[in-house]
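Basis for what follows: all heavy atoms, side chains included, without hydrogens, waters or symmetry-related copies.
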Amino acid sequence: MKITLGRWAQAQNDEFAHHQDLTLGAYSRTHEVVAQYLDFDYKEDFRDKVIVEVGCAAQPHLLQCQSNFKKAYAIEPLIDRWPQSIKDNWTQNNIIAVNEAYELAEIPDADETWLFNVISHVIDPVEMMQKAMRTSKIVRFFEPIDQPINMAHPHEITMQLIEKVMGPFGEIYQGGSEPGFHGANCYYGTWRA
């Protein structure tokens with residue numbers, strides 16, 4: 001499944017073009033639904049935890065925690081392409097920006113890694129899931145499945161692939177069942193070491 005760094009860079013360029021509205025409001029519905037389905041409270045459940053959020057786009061879920069964590073890393077290769085105000089907001093909320101591919105990033109072990117709508121965009125989905133499991137006690141997961149490959153999404157992710165790597169830990173979200181959220185079916189759940 002691994003792709004070249006050149007193909008990954010093309011995917012990042014195409015994904016960048018999809019992010020036009022960078023306001024928190026544009027992301028808030030997604031943040032709300034993910035928390036609902038994964039049954040957590042951003043402001044209460046992550047105190048004293050080190051969290052890594054991968055591929056978070058301009059407005060990471062971590063912002064909803066309002067700095068109520070021990071330490072937080074947002075892995076986002078596009079961060080330097082967005083206005084400085086986006087990065088400043090992360091810094092003001094004690095989120096450390098990491099501007100590179102997760103598979104290549106040197107990050108400390110974490111209490112939790114969050115993979116929300118990211119694994120179809122990466123260099124190697126298998127390596128990514130394995131790294132999250134190896135470096136975290138908990139992996140919170142909400143990922144579209146059975147979507148066709150295109151320029152921004154160089155991998156087709158299936159339930160079978162996820163469960164082959166991580167074991168059966170989740171459920172299927174029916175695409176379109178929540179207004180203003182994913183139209184695609186998604187695999188979601190919380191993996192624990």
Side-chain angles (χ1 to χ4, degrees), residues 1-24 26-27 29-31 33-34 51-63 72-84 86-87 90 95-107 110 113-136 139-166 170 172-173 175-176 181-188 191:
M1 288 198 84
K2 188 172 187 174
I3 59 172
T4 66
L5 286 177
R7 175 63 182 93
W8 176 76
Q10 289 176 327
Q12 295 301 300
N13 287 335
D14 201 66
E15 183 63 16
F16 177 71
H18 290 272
H19 291 273
Q20 299 302 313
D21 186 349
L22 302 178
T23 64
L24 184 57
Y27 293 77
R29 178 68 178 147
T30 297
H31 295 175
V33 174
V34 167
I51 303 168
V52 174
E53 183 177 350
V54 184
C56 54
Q59 301 291 342
H61 291 254
L62 288 165
L63 289 171
Y73 299 86
I75 315 298
E76 180 47 72
L78 299 176
I79 185 62
D80 287 340
R81 297 188 195 184
W82 288 319
Q84 184 63 38
I86 299 288
K87 198 169 188 177
W90 292 17
I95 299 168
I96 300 164
V98 179
N99 177 15
E100 64 183 318
Y102 176 64
E103 299 93 325
L104 304 176
E106 291 287 332
I107 53 169
T113 296
W114 296 354
L115 305 177
F116 304 147
N117 193 18
V118 64
I119 64 174
S120 65
H121 298 279
V122 302
I123 296 168
D124 187 338
V126 171
E127 184 180 337
M128 177 184 218
M129 288 184 278
Q130 289 171 337
K131 181 174 183 175
M133 292 165 45
R134 189 174 60 249
T135 61
S136 297
V139 178
R140 296 191 191 267
F141 196 94
F142 207 117
E143 291 288 340
I145 56 172
D146 304 323
Q147 295 298 293
I149 290 172
N150 59 36
M151 188 54 73
H153 305 86
H155 306 285
E156 181 181 356
I157 306 303
T158 63
M159 179 182 82
Q160 293 78 14
L161 173 67
I162 295 163
E163 292 189 343
K164 181 179 177 185
V165 176
M166 299 181 74
I172 301 297
Y173 160 82
F181 191 58
H182 279 294
N185 291 346
C186 298
Y187 190 92
Y188 74 93
W191 176 92

Participant: Are Ile123 and Leu104 close enough that some pair of their side-chain heavy atoms sits under 4.5 Å apart?
Facilitator: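 Yes, their side chains come closer than 4.5 Å.
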Participant: Of all residues at least two apart in sequence or in a different chain, which pass the side chain to side chain contact (heavy atoms under 4.5 Å, CB included) check with Ala9?
Facilitator: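 Result, side chain to side chain contact (heavy atoms under 4.5 Å, CB included) vs Ala9: none returned.
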Participant: I'd like to check the side chain to side chain contact (heavy atoms under 4.5 Å, CB included) partners of Arg7; sequence neighbours left out, ordered by chain and number.
Facilitator: Ile3, Thr4, Gln10, Ala11, Met151, Pro154
Participant: Per the salt bridge (charged side-chain N to carboxylate O under 4.0 Å, His left out) rule, what does the pair list look like for residues 139-153, sequence neighbours excluded?
Facilitator: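 Pairs touching residues 139-153 that pass the test: Glu112-Arg140.
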Participant: Go through the structure and list residues passing ring pair (Phe, Tyr, Trp, His ring centres under 6.0 Å) with His153, not counting sequence neighbours.
Facilitator: His121
Participant: Side chain to side chain donor-acceptor pair (under 3.5 Å) with Gln160: which residues, sequence neighbours excluded?
Facilitator: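 With neighbours one apart ignored, the set is empty.
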Participant: Mind checking side chain to side chain donor-acceptor pair (under 3.5 Å) for Tyr102 and listing every partner two or more places apart, or none if nothing turns up?
Facilitator: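 For Tyr102, no residue satisfies side chain to side chain donor-acceptor pair (under 3.5 Å) once neighbours in sequence are set aside.
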Participant: Under the rule for side chain to side chain donor-acceptor pair (under 3.5 Å), what residues qualify as partners of Asp80, not counting sequence neighbours?
Facilitator: Lys87, Asn99
Participant: Considering only residues two or more places apart or on different chains, which pairs with a residue in residues 114-135 satisfy salt bridge (charged side-chain N to carboxylate O under 4.0 Å, His left out)?
Facilitator: none
Participant: What residues, two or more places apart in sequence or in another chain, satisfy side chain to side chain contact (heavy atoms under 4.5 Å, CB included) together with Ala184?
Facilitator: Pro144, Gln147
Participant: Suppose we screen for side chain to side chain donor-acceptor pair (under 3.5 Å). Which residues come up paired with Glu156, at least two apart in sequence or across chains?
Facilitator: none
Participant: Does the ring centre of Phe116 sit less than 6.0 Å away from the ring centre of Tyr27?
Facilitator: no
Participant: Kindly write out the residues that satisfy ring pair (Phe, Tyr, Trp, His ring centres under 6.0 Å) with Tyr73, not counting sequence neighbours, or none if the list is empty.
Facilitator: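 Tyr73 satisfies ring pair (Phe, Tyr, Trp, His ring centres under 6.0 Å) with no residue once adjacent residues are dropped.
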Participant: Write down the atom of Pro60, the atom of Cys56, and the distance for their closest heavy-atom approach.
Facilitator: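 Closest approach of Pro60 to Cys56, heavy atoms only: CB-CB, 3.6 Å.
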